[in-house]
Asker: 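Before I ask anything, let me first share the structure, which is written out below as structure tokens.
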Amino acid sequence: MSRRVLVIKASPREKGNSSVLANRVMDGAGEVGATTESVSLHRLDIRPCRGCDTCRATHACVIKDDMQGLYPKLLAAEAIVLASPIYWFTFSGGMKTFIDRWYALWNIAKEPFKDKPVGIVLSYGDTDPYTSGCINAIHTFESIFRFLEAPIAGWVYGSAMEIGDVQKNPALLDSARSLGRQLGTA
Ligand SMILES: Cc1cc2nc3c(=O)[nH]c(=O)nc-3n(C[C@H](O)[C@H](O)[C@H](O)COP(=O)(O)O)c2cc1C
């Protein structure tokens, strides 16, 4: 059976740079026979974690919003790609709100991400990964996936400010495609 790759897009710009890179990852995964699905977070109703801790007792999240549909997708996926713009020196608030809700997932399923390969895609307007704040996103993702025992299979990040800028960087687009091929290979 083909590998299931779930791609999460956290930019409200559907034709924006991180989404273009995420689409390239999907192209690469498709080339090696993987099944891909993408989810645009900004289209969904995903409310902030309340920190109520109910999920620790009930193994379910009390917030009845679109995250309920994403929990089974996250569990079923065999590889996950997280794509985000850099906003204010780290990944976007939409991505953070989504990840905060994994607290329940961690209580719904035992070790939900253990050994599940992850790909990270980031774009930023500044010229380098340090001054842009991309480095902060990298550190945070490293901490999250170290805790969840999920291997980060690859990183794709680069400078692109306006919509369309990333198309001028063929090396970056190629690295996104390579990441997809890697994640899509069982
Ligand atoms: C609210 C907001 C905050 C931003 N903050 C940063 C930042 O801290 N560092 C940076 O290099 N670029 C910053 N940018 C620029 C975006 O990271 C850049 O345009 C990126 O490619 C957007 O990705 P997208 O096209 O996928 O939406 C910011 C843009 C917005 C709209």
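Each ligand, and each atom within it, is numbered from 1 in the order the structure gives.
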Asker: Would you please name every residue forming a side-chain contact (heavy atoms from CB on, under 4.5 Å) with I135, sequence neighbours left out?
Answerer: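 Residues passing side-chain contact (heavy atoms from CB on, under 4.5 Å) with I135: Y130, H139.
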Asker: Could you work out, with salt bridge (Lys or Arg N to Asp or Glu O under 4.0 Å) as the rule, every residue matching R13, not counting sequence neighbours?
Answerer: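 Result, salt bridge (Lys or Arg N to Asp or Glu O under 4.0 Å) vs R13: none returned.
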Asker: Say you draw a straight line from OH of Y157 to OG of S132; how long is it, rounded to the nearest 0.5 Å?
Answerer: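 These two atoms lie 9.5 Å from each other.
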Asker: Please determine whether a side-chain nitrogen of the Lys or Arg among K73 and E37 lies less than 4.0 Å from a carboxylate oxygen of the Asp or Glu.
Answerer: yes
Asker: Could you state the interatomic distance from CG (L179) to CZ (R24), rounded to the nearest 0.5 Å?
Answerer: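 Between atom CG of L179 and atom CZ of R24 there are 13.5 Å.
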Asker: At a heavy-atom distance under 4.0 Å, which protein residues reach ligand 1? Sort them by chain and number, would you?
Answerer: S11, R13, G16, N17, S18, P85, I86, Y87, W88, F89, S123, Y124, G125, D126, S132, A160, M161
Asker: Listed by chain and number, what are the salt bridge (Lys or Arg N to Asp or Glu O under 4.0 Å) partners of R181, not counting sequence neighbours?
Answerer: E31
